[in-house]
There are 2 protein chains.
Amino acid sequence: MAGIKDVAAAAGVSVATVSRALNGHPSVSPTARTRVLDAVRELGYRPNAVARSLRTDQTRTLGLVISDVMNPYFTELARFVEEEARTLGYSVIIGNADERPELQDHHVRTLLDRRIDGLLVSPADGRSPLAPDAASGATPVVLVDRWVPGLDVPVVRADGTGAIRDLVAHLHGLGYRRVAVIAGPAATTTGRERVEAFRAALRDHGLPLPDEYLGQGDFQADSGRRATERFLDLPEPPEVVFATDNLMALGALDAVRARGLRVPDDIGVAAFDDIPWFVHTDPPVTAIAQPVAELARAAVRALVDLIEGRPPQSVTLPARLVVRRSCGEPACGPVPAVERAPVAVATAEAPPTSQQRRNE
Amino acid sequence: MAGIKDVAAAAGVSVATVSRALNGHPSVSPTARTRVLDAVRELGYRPNAVARSLRTDQTRTLGLVISDVMNPYFTELARFVEEEARTLGYSVIIGNADERPELQDHHVRTLLDRRIDGLLVSPADGRSPLAPDAASGATPVVLVDRWVPGLDVPVVRADGTGAIRDLVAHLHGLGYRRVAVIAGPAATTTGRERVEAFRAALRDHGLPLPDEYLGQGDFQADSGRRATERFLDLPEPPEVVFATDNLMALGALDAVRARGLRVPDDIGVAAFDDIPWFVHTDPPVTAIAQPVAELARAAVRALVDLIEGRPPQSVTLPARLVVRRSCGEPACGPVPAVERAPVAVATAEAPPTSQQRRNE
DNA sequence: TTCGGGCGTGTAATCGATTTCATTCGGCGT
DNA sequence: ACGCCGAATGAAATCGATTACACGCCCGAA
């Protein structure tokens, strides 16, 4: 493959001039510039990004480590992250942790070895396997969706408490009194927060959340199925189940279908994370939608700000309830308040973090 | 960040010895080795992959350019590709072409600039935008799922003709006579082949495929919706629609639901590419399943063979029909032959390609 | 005419690893 | 005792770019 030296030779100039011409340096004569450009075209020269990165100490690459690519929510997130990064002139390398801490670790290490300019992580594990590297502060880090309490880095996430309150109001209005929830891993913030918000909303309506109505899941379909089976085996099964992510909701649907039961007649189902398929399930699933595209964009912008020495913003955007039929027919009277939920735009200024201070 | 020189200094040896110790070179004394290892641990040293790549001219990285990440089929493919690559000691960088040739081009160029060791492509466009680079032969290339006729590189794909024949037999057996198909872009091989196989199978059963029953789509949900609407507007609409990918099937479902019609009572739906959600749609969708994991593994192995100088194998695996309820109740009598479809394992030896010859 | 100051350019150092080549040293055969 | 050989090591070249520094040249000011 042609190198910069070949171009220099072909254009009859030095490598320095070639480099300058290619990087838009001011002091290059028009003559030299055109000769270089011609030679480049002639030889089909493409600069070696590896060599360039070594010299400049920047790869113009972002790392994105997500918990599970097969989860449509994260797929969508990844897609928008790449899109925004591309418009900002960065590539992104995706690492799929598959909800396994050691895999997440593997990817973080690999990405760091490649000297990516910044890291976007949605931690599979709340404990601190990546902390040693991240906390070292050498590489800018931003957390998306999930975060880890001790880490002093910007966080971009959705706040589901409002939407969950709306959901509980909706369920209560429909007459449900025995409601169950399938939790995510306690090691993740999203796993804990969603259950807590749900429990709090329940309390506001005077509803209990007995232990046997709290299923433990791991954000995968199978765990949703198992939890739901256990609910159905109860002497007094719940009237409705809230799965705290879309895959566990899929599992729940599986379980009730396997029993020959029907949603919502025999048992209602609701989910956190809305996805296109929920419109076409039997029945369409009532879900809480996150503003994924905005989250992705905000996360990338925060990370790039960090990288390029600007102060980053932590951002929290509200999720919103989307009522469909899996919890029973929506009210036929006046449209409930939840239907008019505002488009998510709220943001919050982050308190200064050590990462910001690094750049002052 | 600590470099190899720091390690050498700390261990009291030269950089050459450090490098040798770390790469398991034979002639390094046990003493030196342990001192190096200690220093490495002490300093938390990690070799700079960028520098290493520059010197060794290999990145141990594969590029994967897919047509559309949001399509569950490709998501799954990407996931298994990464998995197999990882076990073989490679990382993978995914580029999402979004079915847009110019984006595909952008990613191919970027990946080539980063000197990836090999490229896995599922071409969004049958024409040859990537040919100039790929044909240059500098970087090993393997095509997955879709291929482009002129290119002399290994291809790993599923053969749907058998499954499509089974599907048509199934539909015919159910009494359908007016069947329509939603095609993919003519620029892709999968777009053309699936329609052709369908048309041929129809002919075998003496069924026609009139022009107005041939919808043009682009593998995205919207196009499936529009094509289906056009079918429904026909004076004599088809009794069943075969969408040649899962997203267009989703669109078709959308369209019939929007009309207040019911599947399969008013119109049947079948799809190419099976996905987990099809079990939970209303109704569950009869689909043709590709052996995605095997395809991914075969593709990675072929590419790595090429990279490491072994002769690669082109592979074609059969797809199989999965009957559900979206075309009407499956026969209640004896289980139809299609239910017993064998697990896909057939492979074929590729004719020698120029890429193989390269390595002789 | 002479000198200072850009401007355009080239030479060479540099990034952090790997690898070739030469050197040293110790052991062993004769 | 001598010489040879292999093992262990280090110095320096190398990969392909960027960039600091120096140089030559031309132009305008003194």
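Not measured: the values here are computed from a predicted model. A note on names: the letters A, B, ... follow the listed sequences, proteins ahead of strands, and every chain is numbered from 1.
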Participant: Between A:Thr61 and A:Val92 (side chain of the first, backbone of the second, donor and acceptor by atom type, cut-off under 3.5 Å), is there such a pair?
Facilitator: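 No, the answer is negative, given that no donor and acceptor are paired below the 3.5 Å cut-off.
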Participant: Is it the case that over 12 heavy atoms from other parts of the model lie below 6.0 angstrom from the CD atom of A:Glu102?
Facilitator: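 It does: A:Glu102 CD has more than 12 such atoms within range.
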Participant: Any chance you could lay out the salt bridge (charged side-chain N to carboxylate O under 4.0 Å, His left out) test for B:Arg157 and B:Glu294, step after step, and finish with the verdict?
Facilitator: CA-CA 10 Å; B:Arg157 65 192 197 91; B:Glu294 286 81 2; over 6 Å; no
Participant: I need the minimum non-hydrogen distance between B:Ala2 and B:Tyr45, along with the two atoms involved.
Facilitator: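 Result for this residue pair: O-CD1, 3.4 Å.
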Participant: Would one find more than 12 heavy atoms of other residues, nucleotides or ligands at under 6.0 Å from atom CG of A:Asp57?
Facilitator: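 No, not enclosed.
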Participant: Short of 4.0 Å, heavy atom to strand atom, which residues of residues 20-44 of chain A count as contacting DNA chain D?
Facilitator: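 Within this stretch, A:Arg20, A:Asn23 sit under 4.0 Å of the strand.
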Participant: So does B:Gln58 get a backbone contact from the side chain of B:Asp117, meaning a donor-acceptor N/O pair under 3.5 Å?
Facilitator: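 No; judged by distance alone, with no hydrogens or angles, the pair does not exist.
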Participant: With no hydrogens and no angle check, just 3.5 Å: does a side-chain donor-acceptor pair link B:Asp145 and B:Tyr73?
Facilitator: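 Yes, side-chain donor-acceptor contact under 3.5 Å.
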Participant: With axes from five pairs an end, tell me the bend angle of the helix from C:dT1-D:dA30 to C:dT30-D:dA1, nearest 10°.
Facilitator: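 About 60° separates the two local helix axes.
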Participant: I'd like to check A:Leu303 versus A:Tyr90 (side-chain heavy atoms, cut-off strictly below 4.5 Å). Are they in contact?
Facilitator: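 A side-chain contact under 4.5 Å is absent here.
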Participant: Does A:Thr110 have any side chain to side chain contact (heavy atoms under 4.5 Å, CB included) partners at least two apart in sequence or in another chain, and if so, which?
Facilitator: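 Partners of A:Thr110 by the side chain to side chain contact (heavy atoms under 4.5 Å, CB included) criterion, ordered by chain and then number, come out as A:His106, A:Arg114, B:Ser91.
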Participant: Tell me the salt bridge (Lys or Arg N to Asp or Glu O under 4.0 Å) pairs involving residues 78-88 of chain A, sequence neighbours left out?
Facilitator: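 For residues 78-88 of chain A: A:Arg79-A:Glu83, A:Arg79-B:Asp98, A:Glu82-A:Arg86, A:Glu84-A:Arg301.
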Participant: Checking all strands, does A:Val13 fall into the base, sugar-phosphate, or nothing category for heavy-atom contacts under 4.0 angstrom?
Facilitator: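 If one applies the 4.0 Å heavy-atom cut-off, A:Val13 turns out to touch the sugar-phosphate alone, with no base involved.
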Participant: Looking at every strand, decide which applies to A:Thr17 at a 4.0 Å heavy-atom threshold: base, sugar-phosphate, or nothing.
Facilitator: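 If one applies the 4.0 Å heavy-atom cut-off, A:Thr17 turns out to touch the sugar-phosphate alone, with no base involved.
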Participant: State, yes or no, whether a side-chain contact exists between A:Leu143 and A:Pro123 at a heavy-atom distance under 4.5 Å.
Facilitator: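 Side-chain contact under 4.5 Å: yes.
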Participant: Taking A:Arg35 first and then A:Asp38, would you say they form a salt bridge - that is, a charged N and a carboxylate O separated by under 4.0 Å?
Facilitator: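 Salt bridge between A:Arg35 and A:Asp38, a charged N being under 4.0 Å from a carboxylate O: no.
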Participant: Reading DNA chain C from 5' to 3', where do the contacts with chain B start and stop? Cut-off is 4.0 Å to heavy atoms.
Facilitator: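 Footprint of chain B along DNA chain C, 5' to 3': C:dG16 to C:dT20.
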Participant: Could you state the CG-P distance from A:Asn48 to D:dT14, rounded to the nearest angstrom?
Facilitator: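 In whole Å, D:dT14 P lies 18 Å from A:Asn48 CG.
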Participant: Among B:Val81, B:Leu77, B:Val65, find the residue that satisfies the side-chain contact (heavy atoms from CB on, under 4.5 Å) test when tested with B:Leu120.
Facilitator: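 Result for side-chain contact (heavy atoms from CB on, under 4.5 Å) with B:Leu120: B:Val81.
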Participant: In residues 51-62 of chain A, which residues come under 4.0 Å of DNA chain D by heavy atom?
Facilitator: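 Here the set is A:Ala51, A:Arg52, A:Leu54, A:Arg55, A:Thr56.
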